[in-house]
Amino acid sequence: MKKRVFSGARPTGRQHLGNYLGAIQNYVKLQDEYNCVYCIVDIHALTSLENTGELQKNIREMILDWLAAGLDPEKSILFVQSHVPEVTELHTLLSMVTPLGWLLRVPTFKEKVKMQPHNVNYGLVGYPVLMTADIVLYKAEVVPVGEDQVPHLELAREIARRFNNLFGDTFPEPEAKLTTFPMILGLDGKQKMSKQLDNDIEIALSPEETKKRVMTAVTDPARQYRTDPGHPEICNVYSLHGYFNPLQVKDIAIQCRSAKIGCVDCKTLLAEGINTTFQPLREQREAIAAKPKYIEEVLADGAARASIIARETIKEVKQKMGLI
Ligand code: SF4
């Protein structure tokens, strides 16, 4: 029996290079080794209440990218969190076994309070409980996480363990599958690539749009003139060549250091590498987008399959808690 993997991602719309290299690629690989449950966590997106009018569009664009990149609805369960409402029921039940002190000391809660002091809602405090419900509702045994997310998963394990101690063995304690998520910097060369910071390159852009975006990338600030030798080690364009032109990367470094290549040519080369890499994905995306009902069918089928597991878990939980 393959183990079950769960992973959730917020509906952020069209995905960018950072999402692709950091998560989607890994999701695709895991499909062969595990039974994967991949969820677009739309309820989590409500903690900030920004752009809720865009939510449906963002879900659609995101799933389009996932499918085009190779997430296979025949192999994995792909669905939207709120389409399986048992998760909110389990969230409430798990909140009864989660000490408030555990939640108040979560570093991301403190960060969020600083980021949105005008909207410190209950959802922000309860976020780790909902995240635990996401995972244990499907009795997932493995969760792919980066080093920085290990403490969050540890909290989920503690909540599951506490439930098991109080009511008997119910949930597997989800194990972290440590994954190296490369830190992809944005076009500003300083901060992590992010849609909100407008420093991203969407994977579904046209070749021309991609080139236009790449041309805005910040490079080595010391390289003022074409004849100045460059420092590829501090240039984000160069680090992106590592993913999209891996065979040429050494050569580019030599040419940059000796000023044999200018930044415009170097960026053109990067845009070409990105476009070549994503051409099959983009074609696939167009083909899927041309079948208007396909996405609804995939998500409905995913929710139906997820619901079967969710209903069984909720029944067991309620029995153990004395509600049935
Ligand atoms: S030539 Fe390329 S690697 Fe060198 S500074 Fe310019 S963009 Fe960066």
Side-chain angles (χ1 to χ4, degrees), residues 9 12-29 61-62 64-66 68-70 146-149 178-286:
T12 50
R14 285 162 65 130
Q15 302 290 280
H16 54 62
L17 303 192
N19 301 130
Y20 180 81
L21 297 169
I24 301 173
Q25 235 183 4
N26 190 41
Y27 280 2
V28 175
K29 273 192 216 144
E61 295 289 344
M62 188 163 166
L64 250 176
D65 281 334
W66 279 12
E147 199 89 50
D148 57 327
Q149 293 164 314
L178 265 185
T179 313
T180 321
F181 292 104
M183 164 76 150
I184 306 297
L185 294 180
L187 292 166
D188 53 12
K190 287 186 192 139
Q191 304 181 80
K192 198 172 163 182
M193 188 174 282
S194 141
K195 190 168 287 245
Q196 277 173 331
L197 296 171
D198 192 28
N199 65 0
D200 63 324
I201 304 171
E202 292 174 352
I203 56 184
L205 291 180
S206 69
E208 298 73 31
E209 289 167 329
T210 302
K211 188 170 176 190
K212 228 168 150 185
R213 285 298 274 172
V214 172
M215 285 299 163
T216 66
V218 173
T219 62
D220 172 8
R223 203 168 179 207
Q224 302 271 339
Y225 301 100
R226 169 70 178 77
T227 47
D228 292 339
H231 305 84
E233 64 283 358
I234 57 158
C235 174
N236 191 36
V237 171
Y238 178 72
S239 63
L240 288 173
H241 275 298
Y243 299 105
F244 297 103
N245 289 316
L247 299 178
Q248 297 165 64
V249 79
K250 276 190 188 157
D251 206 34
I252 291 168
I254 295 167
Q255 293 194 43
C256 170
R257 285 199 181 94
S258 56
K260 282 198 181 128
I261 188 172
C263 292
V264 172
D265 292 339
C266 189
K267 287 176 179 177
T268 304
L269 204 59
L270 176 61
E272 282 167 9
I274 295 172
N275 288 332
T276 308
T277 305
F278 290 129
Q279 192 193 340
L281 184 153
R282 289 167 180 170
E283 283 170 7
Q284 184 65 8
R285 194 182 202 277
E286 260 184 47

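As a basis for the values below, the full set of heavy atoms in this structure was taken, side chains included, without hydrogen atoms, waters or symmetry mates. When a ligand or atom number is given, it counts from 1 through the structure's own listing order.
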Atom pairs and distances, side-chain donor-acceptor, residues 268-278, under 3.5 Å, sequence neighbours left out:
residue	atom	partner	partner atom	Å
T268	OG1	V264	O	2.8
N275	OD1	T210	OG1	3.3
N275	OD1	R282	NH1	2.8
N275	OD1	R282	NH2	3.4
N275	ND2	P207	O	3.4
N275	ND2	A271	O	3.2
T276	OG1	E272	O	2.7
T277	OG1	G273	O	2.7

side-chain contact (heavy atoms from CB on, under 4.5 Å) partners for Q284, two or more places apart: A68, I288

Check ion pair D265-K260 (N to O, under 4.0 angstrom): no

Closest non-hydrogen atom pair, L185 against K190: CD2-O, 3.6 Å

Taken to the nearest 0.5 Å, the spacing of R285 CZ from Q15 CD works out to 9.0 Å

Hey, which protein N/O/S atoms does atom 4 (Fe) of ligand 1 have under 2.8 Å? C256 SG

Donor-acceptor pairs under 3.5 angstrom involving side-chain atoms of residues 251-258: please list them, not counting sequence neighbours.
residue	atom	partner	partner atom	Å
D251	OD2	Q255	NE2	3.1
R257	NH2	E233	OE1	3.0
S258	OG	I254	O	2.8
S258	OG	Q255	O	3.4

